[in-house]
Every structure is written in C-alpha cells, then in structure tokens.
Amino acid sequence: MKSLDLDAVRAFVLTAELQSFTRAADALGSTQSAVSLKLRRLEEQLGRRLLERTPRQVRLSAEGAAFVESARQLVQAHERAMASFDVKRRRLVIGISHQLVGSELPGLLKRMNQHDPNLVIELRVAGSREVMQGYDDGVLDAALVLQPEEQRRHGEVLFDESFAWIAAAHWEPRAGHPLPLSTQGETCSIRMAAVAALDAAGIAWTEVFIGKGAALVGAAASMGWAVAVLARRAAPAGTIDIGKALSLPALPTQQVVLHSALNDRRSRQALGTLATAFKNLSAA
C-alpha cells in the first residue's frame, strides 16, 4: 500500500470530530468540496468506507471508528515531529470568557500541549467584557469570548453558543416560591437576558447562587440548589434542560468569537488547535 496522504488523514480526523465537512473545511482553511475529495481518495486507498454521509449528519462508520484513533495519533505524531525544531519556549497569553470554561478544560489544555509541548500557555478566565478589555490593552495575545449580535466586532466566529435553564434531573419547583437561579452575576449578559425574559413573562425569580465560571454555576444546579443559566454543552452530568417542562422563555444564542492579531506560524497553529477543540465541543 502507498503511504497515506497526511493531509487527507488530518481532514478525516477533523471531519470525524466536528461531524461536518463544512466545519472541517473551515478549520483547515479549505473548502467543503476539497475536504470531501480528500476523504473519498483516502477511502479508495484504504478500500474502506470511513464515514456515513446523510443530508443532516456525518458520522463514523464501523471501519472509520476502528481507524480514527490510529489516524489521530498519526496526525499528532506528525505535529510533534514538526515542532521538534521549536525548542525555544514560547509564552501565549489567552483570555477566555468564564461562560465558556467547563469541565472539558483539562481536555482542551491536553490537546494544546500535545500540539506543542514547548508552548507555555497562560490562561486567564474572566467575563467577556474584561477579557476584551485585556485584549484591547495589549495584555492578552488572544481572546475567546461570547459576543452578542449587537456588539459584533471583527474576529473569527467559531460557532453559536446556545443557553438553557439547567437543573438536576430530580429537581422540582416549589409551589408558590420564585424560581431559584444560579448565575454569573449582574455583569453577565446572559444573566441580564434571562431575568429580563422572566420579568417579561411574569415569572417570579430569586438569585440564590452567584459563581464565576460555568463549572461553579453548574455545580449549584447539580446539587439541586438552583436552576442554572448555562450553555447547553456545559451542563454537568445528571442535569437536564427544564425550560420546556416549566414553560420558561427561550434564551438567546451568542457567537463564540476568537480575537487575535498574532501572525507567526507557531501561535496561529496553537490558536487553530484551540479553535478546533471548541468547535468539536459545540458539535458534540
């Protein structure tokens, strides 16, 4: 068998992770048709169908599932080999909105470390406004934030984040009592939108827990203490979206946007790895 086309293998891994030819093409800076062609040729070379394609979904076939981990290791080994000459330690200071940071953070950091072990990541987590202020002041090399439609600024839009009313599966409202909320405080734009929607619907509410970060807000929901205003993907295990069951108003979506002016290859590749990881989370 001829040697595998590494670009095609990388396209396969990304398509499998993101479950979308379009998302994979965006991550590769390519086109959907080019990615589709690479994958078709890879399948022809292997004599295996790696992906099942439908109008609404792209998923691994049984043979693709058997191949994907080895393919991922091949791509990672290539990236480590290419980074062998980047022995100089480089610091990258990244600010991330605390609404975006949940239990998946260790996996994100692991992925970036595998990409470039000599890259020192300094991660600063705060509200989107504070993160953008740090970026504007030149304190941060990159900023990953939630961005309302009316506050659109130039940046790379990764995906739309959807929010929900998250509660423990066993949680039940108490008759005659206001809806207990777990939020990130008055400066949070999602919290402001949530309470405004409740007020407009005539639903009484009270704030019983305030935490900075999706993990903390979600913890209050997990223990049955409150209903968390939280991104759906960040909902902790054992919790559910109770919005429909309680006829709660819909919450707005916000764009997740990556801002950075860095142009050197090493930094852009690291930020590309981070962006792909977040896109993967949104597709899960």
Side-chain angles (χ1 to χ4, degrees), residues 92-112 121-153 155-167 180-197 207-223 225-237 239 241 251-260 270-271 273-282 284:
L92 190 62
V93 186
I94 305 173
I96 299 183
S97 168
H98 49 47
Q99 281 277 18
L100 300 174
V101 177
S103 60
E104 71 281 352
L105 181 59
L108 294 174
L109 296 178
K110 178 181 179 182
R111 183 163 182 167
M112 294 191 74
I121 302 294
E122 182 177 337
L123 197 64
R124 301 185 183 182
V125 180
S128 289
R129 293 180 184 177
E130 185 178 345
V131 170
M132 283 308 300
Q133 188 61 56
Y135 177 71
D136 290 339
D137 291 343
V139 176
L140 303 175
D141 295 315
L144 188 64
V145 296
L146 284 168
Q147 190 164 283
E149 186 73 20
E150 65 274 13
Q151 297 178 13
R152 179 174 295 177
R153 291 180 50 175
E156 179 186 356
V157 178
L158 302 187
F159 57 90
D160 290 332
E161 186 78 285
S162 60
F163 294 84
W165 307 95
I166 302 298
L181 296 181
S182 170
T183 77
Q184 302 207 43
E186 293 184 358
T187 59
C188 174
S189 61
I190 294 299
R191 186 262 191 198
M192 288 189 283
V195 299
E207 210 162 31
V208 300
F209 180 81
I210 298 174
K212 297 302 181 183
L216 288 176
V217 174
S222 293
M223 62 185 292
W225 187 3
V227 176
V229 181
L230 199 62
R232 282 189 173 88
R233 65 165 179 83
T239 61
D241 179 357
L251 293 172
T253 61
Q254 289 196 12
Q255 292 180 330
V256 176
V257 183
L258 177 64
H259 296 270
S260 181
L271 292 175
T273 298
L274 179 67
T276 299
F278 268 96
K279 288 178 181 179
N280 186 24
L281 290 171
S282 73

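Heads up: numbering here begins at 1 and tracks the sequence.
- The backbone N or O of L100 lies less than 3.5 Å from a partner atom in the side chain of R233, making a donor-acceptor pair.
- Under the 4.5 Å side-chain criterion, counting only non-hydrogen atoms from C-beta, V256 is in contact with L144.
- The backbone N or O of V217 lies less than 3.5 Å from no partner atom in the side chain of T183, so there is not a single donor-acceptor pair.
- The heavy-atom pair separating A226 from V208 by the smallest distance is CB-CG2, 3.5 Å.
- When side chains are defined from C-beta on, F163 does not count as touching T253, because their heavy atoms never get closer than 4.5 Å.
- Atom CD of E207 has more than 12 heavy atoms from other residues, nucleotides or ligands within 6.0 Å.
- Under a 3.5 Å cut-off, the side chain of Q184 and the backbone N or O of G213 do form a donor-acceptor pair.
- In this structure, the side chains of C188 and Q99 come closer than 4.5 Å at one or more pairs of heavy atoms.
- Separating the CG atom in L251 from the CZ atom in R191 is a distance of 13.0 Å, to the nearest 0.5 Å.
- At distances below 3.5 Å, not a single donor-acceptor pair connects side-chain atoms of D141 with backbone N or O atoms of I94.
- Residues I190 and P252 approach most closely at CD1-O, 4.4 Å, considering heavy atoms.
- To the nearest 0.5 Å, atoms CG (L92) and CD (E122) are separated by 9.5 Å.
- In this structure, L271 CG and H259 NE2 are separated by 12.5 Å, a value rounded to the nearest 0.5 Å.
- Taking each heavy atom of A143 and V131 in turn, the nearest pair found is CB-CG1, 3.6 Å.
- Screening M192, E130, K212 for a side chain to side chain contact (heavy atoms under 4.5 Å, CB included) with T187, the sole residue that qualifies is K212.
- For A221 against I166, the heavy-atom pair with the smallest separation is CB-O, 3.6 Å.
- Here the options are Q254, R129, Q147, the test is side-chain hydrogen bond (donor to acceptor under 3.5 Å, both in side chains), and the partner is S189; only Q254 passes.
- Between the side chain of T239 and the main chain of S222, no donor-acceptor pair closer than 3.5 Å is present.
- Of all heavy-atom pairs spanning L230 and A235, the tightest one is CD2-CA, 3.9 Å.
- Smallest separation of non-hydrogen atoms from F209 and A220: CD2-CB, 3.7 Å.
- The shortest side-chain heavy-atom distance between L158 and V257 does not fall under the 4.5 Å cut-off.
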